[in-house]
*Asks:* 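Got a structure here, written out as structure tokens. Questions coming.
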Amino acid sequence: MAKPTLLLIDGNSLAFRAFYALINQVDRFLSHEGLHTNALVGFNNLLDGIVDPFQPDLALVAWDAGKTTFRTEKFDDYKGHRDTTPSELVEQFEPLRQMVELHGIKNYQLPGFEADDIIGTIATKGAAAGYAVTIVTGDRDMTQLVSDDITVWVTKKGISEVDHYTPAMVAEVYDGLTPKQIIDIKGLQGDTSDNYPGVAGIGPKTAVKLMKEYHSIPEMYERIDEMKTSKQKEKLIAGKEDAFLSRELATIEVDAPLEISLDDLNYQGIRYEELVPFYQHLDFKAQLVKLANMGYVIGEAGSTDAGETSVNMTNTELNVRELTVTNLSAIEELGAEIDFYLELDGENYHTAAPVAFVIGNEAHGYFASRDIELLTQRTPVNQILNDDQVKKNVFNAKAMIVALHRLGITLKNVNFDLLLASYLLDTNDNQNDLGALAHENNFFAVKTDEEVYGKGAKFQIPEMDADLFEHLGRKAFAIGSLAQPLFEKLNEHAQLELYETIELPLSFVLADMEITGIKVDAERLLQMRSKLTERLSELEQRIYQQAGHEFNIQSPKQLGVILFEEMGLTPLKKTKTGFSTSVEVLEQMTDVPIVESILMYRQLAKIQSTYIEGLLRVIHGSDSKVHTRYLQTLTQTGRLSSVDPNLQNIPVRVEEGRRIRQAFIPREPDWIIIGADYSQIELRVLAHITGDPEMQAAFRDDQDIHAATARRIFGLADDTPVDAEMRRKAKAVNFGIVYGISDFGLARNIGVTRKEAKQIIETYLNEYAGVRKWTEEIIESARELGYVETIAHRRRYLPDIKAKNFNLRSFAERTAMNSPIQGSAADIIKIAMINMNKILQERGLKAKMLLQVHDELIFEAPASELAELEELIPSVMDSAMQLAVPLKVATHEGKTWYDAK
DNA sequence: TTCTTCACG
DNA sequence: ACGTACGTGAAGAAG
């Protein structure tokens, strides 16, 4: 019969290991109460990974009881050079003990002794009593306890993996020595972290060699006369006292006066019910998801934790039925508010196929079906979605609007969008998965798509109706359950107006723009492609000639070898993986012909692959248009982003690339493209929120802001002309201020020394004193509140604002300055878009808004509407929000996007 | 998947 | 002493 098992865990060493394994992110592991949890997370993983599968008969976690032990009495400098334990770890010790207890394991400590000694004593007793003993620790010195009955598991790098030390393993690692001899090795070599000396001049190699010959320190000194006279012998004689003392200090006590016996150590098993509130307290979402999946009831978080949403939820039965033609009428009884979700087989809702849908609410149950005809035909489902009296709760309203539009259905009266609300509450939670987002919001009765469908090649919608409908029902239930609590949070954040009057209406406007799409002249692109193909192959041949052989020009690695090894050029910059070959580097070596060729090749290859070929791939055959998707819940600042294709980074700065815009054309031959852009919107926002009188005056007088700034920072009179170079530098400084300036960044950008840059910034902040005051205040406020806000109360949390790491903290400080500016500009253009769409409809204009590129809007319109739109568009855009300075908008029009300049 | 490069505001 | 300008997406190479 197998021996009973005894598991002994070295609490202290593992807590330290866990803490330092995640020290870089120590400020990211914070509970809602501000408790650091990095060591707790690591320790929890360890308990789950080791104890749970182990299922020992007896178990104990041993802790140190304080600084004074029998070792400090023998050697008062023992562990003397240790830094004090960081407070971020100290505060975790008490919850660590609670966690151990909830895992069914006894904690124990004993004044005067270290955790090691408790473990040594119990291990010895356990082995004698016939137990198979396993010790888990982060301290390799504990391997001195290894025997046939005692195995020691020592954590490797991090804490997730362990080495198993048996007597054979010890012999292997210590070159044939026995576990007991580890004490003698430590006695000779000492230990810097525990701060005991060993014999001066004896290191690990010599120690092992000596012990192989003399076996132990006492035996060595008995036989010291056998040793030939040598420097080493002198050192050993001089260090005799240290050797014996160090050996004693290194020896783990195996007979400590414990007040407990083996009978007290029965392993109790995990107390799941009690772990739920414990994990909730610590915000261990992943663990809670696990418990919910095991069927444990998660709920009432809010009753004890102020500030946390209270969502009463269970993992018990959910009422989901299949919807069929025979029970369709049940839909009519759902009432005034329903939850709806349509599942697609891909993320691009312009093209993905509808798979199934669910509709219902908690009161009346949920109805799901794979039969999309139950939507498309004239059915109660269709009618409810279209009914502007029935409130709809959804996840990603824009996706639903577009997908339903493809099915001929108009979605009306969206009340709650889980995705949008979560994003506004905390832009860091910008997960696109409904389940994951629900978990973030403390709702655990739903799985993630990855759990149910798998990912990548394994993606598979369940074939069983019951499985699919259960998942969809839970998705709808999650949406419905989170509506109220998230509305409450939006209200607490003063974000209801942002949600109701900006973001939710914007979803409809964006859906409209995406559905409209923009026409692309594929013929034009094909012409460009063939011309480029020719030029590229000529360039390619020339580059091969200049290099002396063929290579992959598109490989930075191979190019680096050619330039910096074969041709012997001096590398100016390195990346993580090798030499940098970026434009800013290559532009400094254009006297070398091959570099010139490569820069040209790169430029053209980019146009060819990303823009010409990339665009051709996404033109819809049905209407010759591209239909981008604007991601409304991605950026940290409130801007939109654009994908499939990205229409916000079509070339404009360089003529060759700019011609791509010739392929973007209006949908009718006699129509035109109109572009309208805000002038200096971010600097105007800066002038507004900083309240700086000088900068505001410059904008009120409609001055050239960069020239005005140049006069100030270079000390010129008001009417002095500003040369191009000064204006360029002033412009860079203005940009720098918006980005959250640093002297280093400015210096690099305008090519002056760091000292000069510092001086320029200083002058700038003296001239624009309101800007200085604001930058100081916004950082201070971010520290106090943990977040910054835009004019429309869009919020960005900055957890790193208090980080000890300089880089993380500096980044957070720059972000604190930049986000309110970039984000407020985003607020403004979003309002303008909503107003614009509305007024185009009201006036019955045929013009359509097609694109948004952060500070500009692109329209298509019949030429006949041009005169009206040239008035209307700027007036709507510049009145979107009333600032302390005027907003200025310019328009341009032409036959193509290229010509609208 | 991660890195580098380069397109935009 | 640290080692940075802010916000994005796509393509191609290489692990």
Side-chain angles (χ1 to χ4, degrees), chain A residues 427 455-456 551-560 573-587 598-599 601-615 617-618 628-631 634-654 656-658 660-661 677-683 686 732-750 754 757 761 788 796 803-823 825-826 829 851-857:
Chain A
T427 52
K455 66 165 179 178
F551 67 102
N552 186 344
I553 305 168
Q554 310 229 66
S555 159
K557 197 177 169 187
Q558 294 182 35
L559 181 60
K573 201 178 143 200
K574 277 200 283 189
T575 67
K576 276 182 226 169
T577 51
F579 307 122
S580 171
T581 65
S582 65
V583 180
E584 56 160 333
V585 171
L586 296 191
E587 269 178 350
I598 285 161
L599 283 170
Y601 182 91
R602 282 239 182 107
Q603 196 182 93
L604 299 183
K606 175 84 175 180
I607 295 169
Q608 182 82 311
S609 66
T610 305
Y611 296 104
I612 295 182
E613 284 164 0
L615 225 37
R617 270 199 294 274
V618 291
T628 187
R629 281 179 298 132
Y630 288 103
L631 305 186
L634 181 137
T635 70
Q636 296 295 307
T637 54
R639 276 189 175 183
L640 301 174
S641 83
S642 158
V643 294
D644 297 335
N646 179 356
L647 295 180
Q648 292 181 318
N649 72 345
I650 302 299
V652 68
R653 293 170 191 166
V654 177
E656 312 231 42
R658 188 173 194 151
I660 294 290
R661 294 178 176 225
D677 62 289
Y678 283 106
S679 160
Q680 310 291 358
I681 190 168
E682 291 192 343
L683 285 175
L686 180 74
V733 180
N734 277 327
F735 268 102
I737 294 292
V738 169
Y739 291 157
I741 200 145
S742 75
D743 50 9
F744 185 94
L746 181 65
R748 203 172 65 114
N749 213 283
I750 61 175
R754 200 166 153 177
I761 294 168
V788 291
R796 180 174 186 178
K804 293 195 165 49
N805 179 309
F806 176 88
N807 277 325
L808 288 179
R809 191 177 63 249
S810 302
F811 183 52
E813 288 171 357
R814 292 197 295 273
T815 310
M817 299 185 251
N818 173 261
S819 289
I821 299 167
Q822 194 183 108
I829 196 167
L851 304 175
Q852 188 251 44
V853 193
H854 311 306
D855 65 353
E856 62 178 320
L857 297 174

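In what follows, chains are A, B, ... by sequence order, proteins preceding strands, each numbered from 1.
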*Asks:* Using a cut-off of less than 4.0 Å, is there contact between a side-chain N or O of A/Arg639 and OP1 or OP2 of C/dG7?
*Replies:* no
*Asks:* Does C/dA14 have its OP1 or OP2 closer than 4.0 Å to a side-chain nitrogen or oxygen of A/Ser555?
*Replies:* yes
*Asks:* Taking the side chain of A/Arg814 as its heavy atoms from C-beta onward, which of C/dC6, B/dC8, B/dT5 lies nearest to it?
*Replies:*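 Looking only at heavy atoms from C-beta outward on A/Arg814, the closest nucleotide is C/dC6.
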*Asks:* Taking only side-chain nitrogens and oxygens of A/Asn649, does any of them come within less than 4.0 Å of OP1 or OP2 of B/dG9?
*Replies:* no
*Asks:* Can you tell me if the side-chain N/O atoms of A/Arg617 get under 4.0 Å from OP1 or OP2 in C/dA11?
*Replies:* yes
*Asks:* Any salt bridge linking A/Lys573 with A/Glu587? Criterion: basic side-chain nitrogen under 4.0 Å from a carboxylate oxygen.
*Replies:*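 Salt bridge absent between A/Lys573 and A/Glu587.
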*Asks:* Checking A/Thr637 side chain against A/Ser819 main chain: does a donor-acceptor pair fall under 3.5 Å?
*Replies:* no
*Asks:* Can you see if the side chain of A/Arg653 gets near the phosphate of B/dA7 - specifically, an N or O under 4.0 Å from OP1 or OP2?
*Replies:*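 Answer no for this pair, as no side-chain N or O of A/Arg653 is under 4.0 Å from OP1 or OP2.
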*Asks:* If stacking means aromatic ring centre less than 5.5 angstrom from the base's six-membered ring centre, planes under 30°, is A/Tyr739 stacked on C/dC6?
*Replies:*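 Yes, aromatic ring over the base.
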*Asks:* I want to check one thing: is the phosphate of C/dA14, taken as OP1 and OP2, less than 4.0 Å away from some side-chain N or O of A/Gln558?
*Replies:* yes
*Asks:* What's A/Arg658 touching, base or sugar-phosphate or nothing? Going by heavy atoms closer than 4.0 Å.
*Replies:*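 Here A/Arg658 touches no strand at all.
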*Asks:* Does A/Ser642 use its side chain to pair, donor to acceptor, with the backbone of A/Pro645 at less than 3.5 Å?
*Replies:* yes
*Asks:* Has A/Tyr630 got a side-chain atom pairing as donor or acceptor with A/Gln852's backbone, closer than 3.5 angstrom?
*Replies:*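 Yes; judged by distance alone, with no hydrogens or angles, the pair exists.
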*Asks:* Picking from C/dA10, B/dG9, C/dA5, which would you name as closest to the side chain of A/Asp644?
*Replies:* C/dA10
*Asks:* Quick check for you: among B/dG9, C/dG7, C/dA5, whose closest atom lies nearest to any side-chain atom of A/Leu746?
*Replies:*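 The listed nucleotide nearest to A/Leu746's side chain is C/dA5.
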*Asks:* Strictly distance-based, threshold 3.5 Å: is any side-chain N or O of A/Arg661 a donor or acceptor partner for the main-chain N or O of A/Pro651?
*Replies:*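 Yes.
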*Asks:* Are the ring of A/Phe811 and the six-membered base ring of C/dT4 within the stacking cut-offs of under 5.5 Å and under 30°?
*Replies:*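 The base of C/dT4 is not stacked with A/Phe811 (the test needs centres under 5.5 Å and planes under 30°).
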*Asks:* Need one value for A/Ile650: base, sugar-phosphate or nothing, where a base atom within 4.0 Å counts as base even if backbone is also close, heavy atoms only.
*Replies:* sugar-phosphate
*Asks:* I want to confirm an ordering. Mapping A/Phe806 and A/Asn818 to their closest nucleotides on DNA chain C, which one lands closer to the 5' end?
*Replies:* A/Phe806
*Asks:* Measure from CG on A/Leu599 to C1' on B/dA7 and round the result to the nearest Å.
*Replies:*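 Interatomic distance, CG of A/Leu599 to C1' of B/dA7: 15 Å.
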*Asks:* In whole angstrom, give the distance that lies between atom CD1 of A/Ile598 and atom C1' of B/dT4.
*Replies:*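 Rounded to whole Å, this separation is 15 Å.
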*Asks:* OP1, OP2 of B/dT5 versus side-chain N and O of A/Arg602: anything below 4.0 Å?
*Replies:*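 So the side-chain polar atoms of A/Arg602 never come under 4.0 Å of the phosphate oxygens OP1 or OP2 of B/dT5.
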*Asks:* If you define the side chain from C-beta out and look only at heavy atoms, does anything of A/Asn749 sit under 4.5 Å from A/Phe744?
*Replies:* no
*Asks:* Taking B/dC6 as the reference, what is the distance to C/dG3 when you measure between their C1' atoms (whole Å, please)?
*Replies:*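 Comparing C1' positions in C/dG3 and B/dC6 gives a spacing of 23 Å.
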*Asks:* Taking only side-chain N and O atoms of A/Ser609, does any of them lie within less than 4.0 angstrom of OP1 or OP2 on C/dA10?
*Replies:* no
*Asks:* Suppose we call a contact any N or O donor and acceptor under 3.5 Å apart; does that hold for the side chain of A/Gln648 and the base of B/dC8?
*Replies:* no
*Asks:* B/dT4 P sits how many Å from A/Glu584 CD, rounded?
*Replies:* 13 Å
*Asks:* Mind checking A/Asn807 for me? I need base, sugar-phosphate or nothing, with any heavy atom below 4.0 Å counting as a touch.
*Replies:* sugar-phosphate
*Asks:* Under a 3.5 Å limit for both distances, which nucleotide forms a Watson-Crick or G-U wobble pair with C/dG15, could you say?
*Replies:*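 Pair assignment: C/dG15 / none.
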*Asks:* Under 3.5 Å for both donor-acceptor distances, Watson-Crick or wobble: does C/dC2 have a partner, and if so which one?
*Replies:*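 The answer is none; no pair meets the criterion.
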*Asks:* Nearest to the side chain of A/Lys576, heavy atoms from C-beta on, is which of C/dT4, B/dT4, C/dG7?
*Replies:* B/dT4
*Asks:* Could you check which of C/dA5, C/dA13, C/dG7 has an atom nearest any side-chain atom of A/Ala732?
*Replies:* C/dA5
*Asks:* Taking atom C1' of C/dC6 as reference, at what distance in whole Å does atom CG of A/Leu683 sit?
*Replies:* 13 Å
*Asks:* Classify A/Val643 by what it touches in the nucleic acid, base, sugar-phosphate, or nothing, heavy-atom distance under 4.0 Å.
*Replies:*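 Sugar-phosphate contact only.
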*Asks:* OP1 or OP2 of C/dG9 less than 4.0 angstrom from a side-chain nitrogen or oxygen of A/Ser641, does that happen here?
*Replies:* yes
*Asks:* Round to the nearest Å and state the distance from A/Ile761 atom CD1 to C/dA5 atom C1'.
*Replies:* 10 Å
*Asks:* Between P on C/dA11 and CD on A/Glu613, what's the gap in Å once rounded to a whole number?
*Replies:* 10 Å
*Asks:* Hey, is the main chain of A/Arg796 close enough, under 3.5 Å, to the side chain of A/Gln636 for a donor-acceptor pair?
*Replies:* no
*Asks:* Mind checking if A/Gly736 touches a base, just sugar-phosphate, or nothing, with heavy atoms under 4.0 Å?
*Replies:*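 Base contact.
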*Asks:* Take the protein atom CD of A/Gln608 and the nucleotide atom C1' of B/dT5, then report the distance between them rounded to whole Å.
*Replies:*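 Rounded to whole Å, this separation is 17 Å.
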*Asks:* Is A/Thr575 close enough to B/dT4 that one of its side-chain N or O atoms is under 4.0 Å from OP1 or OP2 there?
*Replies:* yes
*Asks:* Write down the distance separating the P atoms in B/dA7 and C/dC2, rounded off to the nearest Å.
*Replies:*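 Taking atom P in both B/dA7 and C/dC2, they lie 33 Å apart.
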*Asks:* Is A/Thr577 near enough to B/dT2 that one of its side-chain N or O atoms lies under 4.0 angstrom from OP1 or OP2?
*Replies:* no
*Asks:* Please examine the side chains of A/Leu683 and A/Val738, heavy atoms only from C-beta on, and report whether any two atoms are closer than 4.5 Å.
*Replies:*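 They are in contact (side-chain heavy atoms under 4.5 Å apart), so the answer is yes.
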*Asks:* Identify whether any heavy atom of A/Ile821 sits under 4.0 Å from a base atom; if not, whether one sits that close to sugar-phosphate; answer base, sugar-phosphate or nothing.
*Replies:*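 Touches nothing.
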*Asks:* For A/Ser580, answer base if it contacts any base atom (sugar-phosphate contacts may also be present), sugar-phosphate if it contacts only those atoms, and nothing otherwise; contact means non-hydrogen atoms under 4.0 Å.
*Replies:* sugar-phosphate
*Asks:* For A/Thr637 and C/dT8, is the shortest distance between a side-chain N/O and OP1 or OP2 below 4.0 Å?
*Replies:*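 For C/dT8, OP1/OP2 do not have a side-chain N/O of A/Thr637 under 4.0 Å.
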*Asks:* A side-chain contact here means heavy atoms from C-beta on lying under 4.5 Å apart; do A/Arg602 and A/Leu559 qualify?
*Replies:*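 Yes, at least one pair of side-chain atoms sits under 4.5 Å.
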*Asks:* Taking only the side-chain heavy atoms of A/Gln554 (C-beta and beyond), determine which of C/dC6, C/dA13, B/dC3 contains the nearest atom.
*Replies:*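 For the A/Gln554 side chain, the nearest candidate turns out to be C/dA13.
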*Asks:* How close or far is atom P of C/dA13 from atom CD1 of A/Ile553, stated in whole angstroms?
*Replies:* 11 Å
*Asks:* Counting just side-chain N and O atoms, does A/Lys557 come under 4.0 Å of either OP1 or OP2 of C/dG15?
*Replies:* yes
*Asks:* On the side chain of A/Lys606, is there an atom forming a donor-acceptor pair with the base of B/dC6 - under 3.5 Å, no angle test?
*Replies:*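 Flag set: donor-acceptor pair detected.
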